[in-house]
Amino acid sequence: MNNYFSLKRFGLLFMKHTVEHYRAYLMSAAVLAGVFLLGGSFVFYMIPGPVDAGFQMAMFGVLMIIAGPLFTSTVFTDLGDKRRAVPMLTLPASQLEKFMVGWVYSYVIFLLVYTGVFYLVLFILINLKPWPAHQIEILTLFQDKFVLVMILFSLLHAVTIYGAIRFEKLHFIKTGFSFFIFYALLIFVNTVFVRFIVGRPIKPVTPFSFLNFQDGMNFYSIGLNAQQSAWAFIVIPIISLLIWIAAYFRFKEKQA
């Protein structure tokens with residue numbers, strides 16, 4: 001028997017988790033649909049014409065990077081309760097299988113449910129109100145902006161799932177607080193480093209962003225070219241992967 005990962009054992013563990021939590025997950029999906037429907041109804045009522053695909057993409061991305069971390073912070077709540085943590089950690093399954101159940105639900109299944117709910121509500125709202133003399137656009141996910149949203153979502157998911165395992169209580173609040181403290185320190189260190197390189201006062205700058213500075217009466221903004229910007233598409237996913245790995249080893253420590 002493979003003590004590290006067994007597909008059959010993982011399937012049984014996945015089914016067990018589903019049976020125990022499907023009610024909470026269904027209610028979460030219903031709440032998500034309700035928020036989309038109420039918020040979308042207000043937006044569609046306020047604007048004179050149908051929303052274009054660009055606005056739909058913006059709403060899709062913003063809501064996903066909010067709802068995703070909120071849901072991810074709940075997948076390992078059993079670890080914060082000793083009465084529920086002991087049965088979970090002592091199940092006859094490997095640590096990787098237990099971790100992957102939470103990862104699959106909070107990443108893969110969340111994305112499928114979120115996308116399905118978003119398109120369902122979008123279809124309902126578009127057909128509730130007539131749009132004469134208007135060309136109705138429907139969001140397509142096969143575009144570069146969706147890749148950017150997925151990269152950001154993956155990073156936030158990795159950070160949140162690590163925080164869900166690392167903290168026993170108030171997972172989302174503590175993870176968010178730690179994330180913003182780290183982000184502020186990152187901006188400070190990067191600004192000091194870039195200021196040392198260019199040898200002049202500059203505006204606060206984050207990695208891979210624009211470098212803004214003033215020279216007399218002139219204001220300059222320097223950005224990366226396409227080839228240099230491509231590194232962000234490589235570095236950020238690698239960082240997300242490393243945080244996922246760190247979260248797994250943190251989960252192993254819980255069971256040790």
For Trp244, the side chain to side chain donor-acceptor pair (under 3.5 Å) test, sequence neighbours excluded, returns His157
Is Thr175 close to Ser73 at the side-chain level, that is, under 4.5 Å between some pair of heavy atoms?
-> no
Smallest separation among heavy atoms of Ser106 and Phe110, with atom names | O-CB, 3.4 Å
Would Ile245 and Val108 show up in the same hydrophobic cluster when neighbours are defined by side-chain heavy atoms closer than 4.5 Å?
-> yes
Can I get a per-line list of side-chain donor-acceptor pairs under 3.5 Å for residues 50-66, giving both atom names and the distance, sequence neighbours left out?
| unit_1 | atom_1 | unit_2 | atom_2 | d |
| --- | --- | --- | --- | --- |
| Asp52 | OD1 | Gly54 | N | 3.3 |
| Asp52 | OD1 | Phe55 | N | 2.8 |
| Gln56 | OE1 | Leu139 | N | 2.7 |
| Gln56 | NE2 | Val51 | O | 3.1 |
| Gln56 | NE2 | Glu137 | O | 2.9 |

Which atom of Ile187 lies closest to which atom of Pro204, heavy atoms considered = CG2-CB, 4.0 Å
Working to the nearest 0.5 Å, report the span between OG1 of Thr115 and CZ of Phe146.
-> 6.0 Å
Between the CG atom in Leu155 and the CG atom in Leu241, the distance rounded to the nearest 0.5 Å is 12.0 Å
Do you know the tightest heavy-atom contact between Ala247 and Ile165?
-> O-CD1, 3.5 Å
Looking only at heavy atoms, which two atoms of Thr72 and Ala164 are closest? And how far apart?
-> O-CB, 4.0 Å
Heavy-atom check, side chain of Arg195 versus side chain of Thr191, under 4.5 Å = yes
Distance in Å, Phe180 CZ paired with Leu186 CG, rounded so as to fall on 0.5 Å steps | 13.5 Å
Full working for side chain to side chain contact (heavy atoms under 4.5 Å, CB included) between Ile161 and Trp103 | CA-CA 8 Å; Ile161 202 170; Trp103 188 91; 4.2 Å; yes
What is the distance from atom CZ of Arg166 to atom CZ of Arg250, rounded to the nearest 0.5 Å?
-> 4.5 Å
Is there side-chain contact between Phe14 and Ile109, with heavy atoms separated by less than 4.5 Å?
-> yes
Is Met27 reachable from Phe172 through a run of hydrophobic residues whose side-chain heavy atoms are each under 4.5 Å from the next?
-> no
Measure the shortest side-chain to side-chain distance between Leu156 and Phe179 over non-hydrogen atoms and say whether it is less than 4.5 angstrom.
-> yes
If you measure from CG on Leu13 to CD on Glu97, what distance do you get to the nearest 0.5 Å?
-> 7.0 Å
Mind checking whether Phe10 and Ser94 have side chains closer than 4.5 Å, heavy atoms only?
-> no
Please lay out, stage by stage, how Tyr25 and Tyr105 fare under the test ring pair (Phe, Tyr, Trp, His ring centres under 6.0 Å).
-> CA-CA 10 Å; Tyr25 291 157; Tyr105 253 105; 4.8 Å; yes
Would one find more than 12 heavy atoms of other residues, nucleotides or ligands at under 6.0 Å from atom CG of Asp144?
-> no
Should Leu120 and Ile126 be counted in the same cluster of Ile, Leu, Val, Met, Phe, Trp and Tyr side chains packed under 4.5 Å apart?
-> yes
Just by distance, with hydrogens left out, do Ser154 and Tyr107 show a side-chain donor and acceptor under 3.5 Å apart?
-> yes
Is Met150 close to Leu111 at the side-chain level, that is, under 4.5 Å between some pair of heavy atoms?
-> yes
Is Val31 reachable from Phe71 through a run of hydrophobic residues whose side-chain heavy atoms are each under 4.5 Å from the next?
-> no
May I ask whether Phe249 and Leu96 are part of the same hydrophobic cluster, defined by side-chain heavy atoms of I, L, V, M, F, W, Y residues being less than 4.5 angstrom apart, directly or through others?
-> yes
Report, as yes or no, whether the 6.0 Å neighbourhood of atom NZ on Lys145 holds more than 12 heavy atoms from other residues, nucleotides or ligands.
-> no
Given side chains that start at C-beta, do those of Phe76 and Phe251 come closer than 4.5 Å, heavy atoms only?
-> yes
If you measure from CG on Asn190 to CG on Leu185, what distance do you get to the nearest 0.5 Å?
-> 12.5 Å
Going by heavy atoms in the side chains, are Leu32 and Phe118 under 4.5 Å from each other?
-> no
Assess whether side chain to side chain contact (heavy atoms under 4.5 Å, CB included) is satisfied between Gln95 and Phe99, documenting all intermediate values.
-> CA-CA 6 Å; Gln95 295 96 326; Phe99 175 80; over 6 Å; no
Begin with the C-alpha distance, continue with both residues' side-chain angles, and end with the deciding distance and a verdict on ring pair (Phe, Tyr, Trp, His ring centres under 6.0 Å) for Tyr114 and Phe36.
-> CA-CA 10 Å; Tyr114 176 89; Phe36 282 178; 5.4 Å; yes
